[in-house]
2 protein chains.
Amino acid sequence: MTKMASTKSASFALDASRCLICSAKALNMCGSLEPEELSRLSQIARCESFGNGEALFHEGDPAKTVYNITDGAIRLSTSLKNGRRQVVGFLFTGDFIGFSDRESFPWTGEAVRGAKVCRFSRADLARITTEFPKVEHRLLEMATADIASAQDHIVMLGQGSAAEKVSAFLLALSRKSAKRGGIENPVHLPMTREDIADYLGLAFETVSRCFTRLENEGLIAIESTRVVRIKDFEALADFSDDE
Amino acid sequence: MTKMASTKSASFALDASRCLICSAKALNMCGSLEPEELSRLSQIARCESFGNGEALFHEGDPAKTVYNITDGAIRLSTSLKNGRRQVVGFLFTGDFIGFSDRESFPWTGEAVRGAKVCRFSRADLARITTEFPKVEHRLLEMATADIASAQDHIVMLGQGSAAEKVSAFLLALSRKSAKRGGIENPVHLPMTREDIADYLGLAFETVSRCFTRLENEGLIAIESTRVVRIKDFEALADFSDDE
DNA sequence: CGCAACATTGAAGCTTCTCAATTAAGGTGG
DNA sequence: CCACCTTAATTGAGAAGCTTCAATGTTGCG
């Protein structure tokens with residue numbers, strides 16, 4: 001793993017436009033935060049950057065901080081005694097890291113090909129949520145979205161063949177990208193085949209074979225290793241929980 | 001499915017001792033609710049009972065209500081086009097149903113061998129959370145627990161052999177029972193082998209074979225179809241993510 | 001340019017699924 | 001209370017799919 005000591009706590013300004021807790025745009029859903037609330041959030045936030053594969057925190061570290069991703073992608077994973085790894089989730093711009101009731105992080109968080117985050121001290125955030133109920137309301141909304149995402153993951157893992165899982169994964173990535181304002185169709189895959197395999201509970205060779213097969217069947221086009229164009233959304237969707 | 005028209009909206013009193021939102025005991029974790037808050041919650045709650053296999057709501061129904069389980073177990077599941085079913089979760093006394101940002105329920109909720117719930121109108125609850133931030137704080141805690149539970153489920157689904165999944169499932173059931181004040185060891189299984197299979201992404205025959213094998217290896221004793229005694233916690237735990 | 005990490009492809013083996021038959025359990029009505 | 005009928009659970013054998021082991025090809029970074 002490339003370990004670049006690239007943490008930059010130097011940038012003081014909170015990138016509010018990309019930080020979902022603070023973003024006025026995101027908060028339109030539930031009424032916007034007052035300037036005072038935004039200001040208080042800015043005071044406790046610290047922006048950091050992480051390089052390719054660099055860890056934000058490790059499984060078991062005391063969970064004193066939470067994060068809001070402002071750019072890039074983060075991989076949450078746990079490793080099991082047998083040496084295997086389960087990727088619990090991929091998080092993208094706008095997503096929140098830190099919904100856990102435990103003293104220490106239940107997963108390792110690593111940047112997938114570079115990422116920027118806003119870091120909050122859990123204690124600071126707790127003080128602010130007590131003071132400003134709207135912030136807590138926003139957190140509950142984000143936790144609810146997290147639950148939906150985990151349940152989608154459960155359905156992906158539990159049902160169907162390897163090819164169905166990979167199809168569902170591609171469609172989910174596409175959908176999530178569109179939802180955060182990115183492009184829908186040439187799907188960009190920041191993660192490796194092994195990451196995808198550990199997310200879907202498959203061997204990485206199997207994932208690779210599924211990509212090849214989906215391309216041969218004309219459902220996708222592998223434009224490059226990390227860019228996949230969906231050629232037939234409906235067929236892929238049917239495939240992902242039909243055949 | 002046995003369809004008993006057993007819904008009893010007749011009982012007006014809120015069983016606060018078993019309703020985690022309202023339970024003073026549960027709220028000790030985060031400071032207790034004021035009598036006024038409890039009273040308001042009681043006003044909007046309605047207690048209902050459901051018989052064996054009876055549905056509280058179906059996938060796609062407008063999600064106008066949320067529930068808090070006061071007795072029994074509920075199975076949340078989605079069915080896929082190919083006819084297969086994924087059980088997204090089993091919920092027990094104290095658990096909350098309704099963390100979803102969608103207009104309609106993303107899953108079907110059914111009683112597993114009889115259950116009692118407190119039903120709340122989502123709109124009523126929203127009014128109360130606006131008025132009483134402590135209630136929202138409590139909801140966030142419950143949502144966080146839900147996320148942890150979903151992630152445990154993800155790890156169970158993604159990793160290991162069928163026997164490892166079944167071992168992990170038994171240990172998780174035991175732990176959850178102990179956590180809500182029930183017995184830890186002879187694990188009671190309210191659900192069928194098929195329910196377990198659909199939860200773990202296996203065929204029900206495979207689940208059955210795993211029970212038999214775990215018994216033959218001396219790790220468990222099947223006291224009856226629905227009661228399993230764990231004879232060797234450590235071996236089962238090692239087994240569940242080692243071998 | 002060269003090395004190291006990532007990805008693809010092939011073949012053999014093994015786990016799980018599917019299909020099928022049998023046994024056990026649970027609930028209903030006589 | 002027992003017999004019956006339906007549902008649930010167990011067990012077996014064969015087929016399918018995934019994983020593992022192994023080799024080769026590709027990409028990207030220093």
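Side chains included, hydrogens not; waters and symmetry mates left out as well; all remaining heavy atoms used. Below, read A as the first sequence line, B as the second, and so on, with proteins coming before strands; counting in each chain starts at 1.
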Whole-Å gap separating [atom2] ([N]) and [atom1] ([X]):
{"X": "B:Leu202", "N": "D:dA9", "atom1": "CG", "atom2": "C1'", "result": "16 Å"}
{"X": "B:Leu189", "N": "D:dA8", "atom1": "CG", "atom2": "C1'", "result": "14 Å"}
{"X": "A:Glu194", "N": "D:dT19", "atom1": "CD", "atom2": "C1'", "result": "14 Å"}
{"X": "A:Asp198", "N": "C:dC6", "atom1": "CG", "atom2": "C1'", "result": "14 Å"}
{"X": "A:Glu215", "N": "C:dT8", "atom1": "CD", "atom2": "C1'", "result": "12 Å"}
{"X": "B:Gln159", "N": "C:dT16", "atom1": "CD", "atom2": "P", "result": "14 Å"}
{"X": "A:Phe211", "N": "C:dC6", "atom1": "CZ", "atom2": "P", "result": "16 Å"}
{"X": "B:Lys165", "N": "C:dT16", "atom1": "NZ", "atom2": "P", "result": "8 Å"}

Of the listed nucleotides ([options]), which one gets closest to any side-chain atom of [X]?
{"X": "B:Glu205", "options": "D:dC29, C:dA20, C:dG27", "value": "C:dA20"}
{"X": "B:Arg226", "options": "D:dT20, D:dA8, C:dT18", "value": "D:dA8"}
{"X": "A:Phe204", "options": "C:dT9, C:dT8, D:dT10", "value": "C:dT8"}
{"X": "B:Ala203", "options": "C:dT16, D:dT10, C:dT18", "value": "C:dT18"}
{"X": "B:Thr212", "options": "D:dT19, D:dT10, C:dT16", "value": "D:dT10"}

>> Testing the 3.5 Å rule here: is there a donor-acceptor pair between the side chains of A:Trp107 and A:Gln86?
In response: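 No, no side-chain donor-acceptor pair sits under 3.5 Å.
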>> Checking B:Thr212 against B:Glu215: is there a side-chain donor and acceptor pair closer than 3.5 Å?
In response: no
>> Measuring centre to centre across the rings, with the benzene-like ring taken for any Trp, is B:Tyr67 within less than 6.0 Å of B:Phe96?
In response: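 They do not qualify: ring centres at least 6.0 Å apart.
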>> Please determine whether any donor N or O and acceptor N or O are separated by less than 3.5 Å between the side chain of A:Arg209 and the base of D:dT20.
In response: yes
> Is there a donor-acceptor contact under 3.5 Å from the side chain of A:Glu59 to the main chain of A:Ser79?
Replying inline: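 Such a contact is found between A:Glu59 side chain and A:Ser79 backbone.
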> Start at the 5' end of DNA chain C and walk down; is the nucleotide closest to B:Val207 or to B:Arg113 reached first?
Replying inline: B:Val207
Applying a 4.0 Å non-hydrogen cut-off, can you work out what [X] is touching in the nucleic acid: base, sugar-phosphate, or nothing?
{"X": "B:Ser224", "result": "nothing"}
{"X": "A:Thr225", "result": "sugar-phosphate"}
{"X": "B:Gly201", "result": "sugar-phosphate"}

>> What I want to find out is whether B:Lys81 reaches A:Asp238 closely enough, with some N-O distance under 4.0 Å, to be called a salt bridge.
In response: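 Looking at B:Lys81 and A:Asp238, the cut-off is met.
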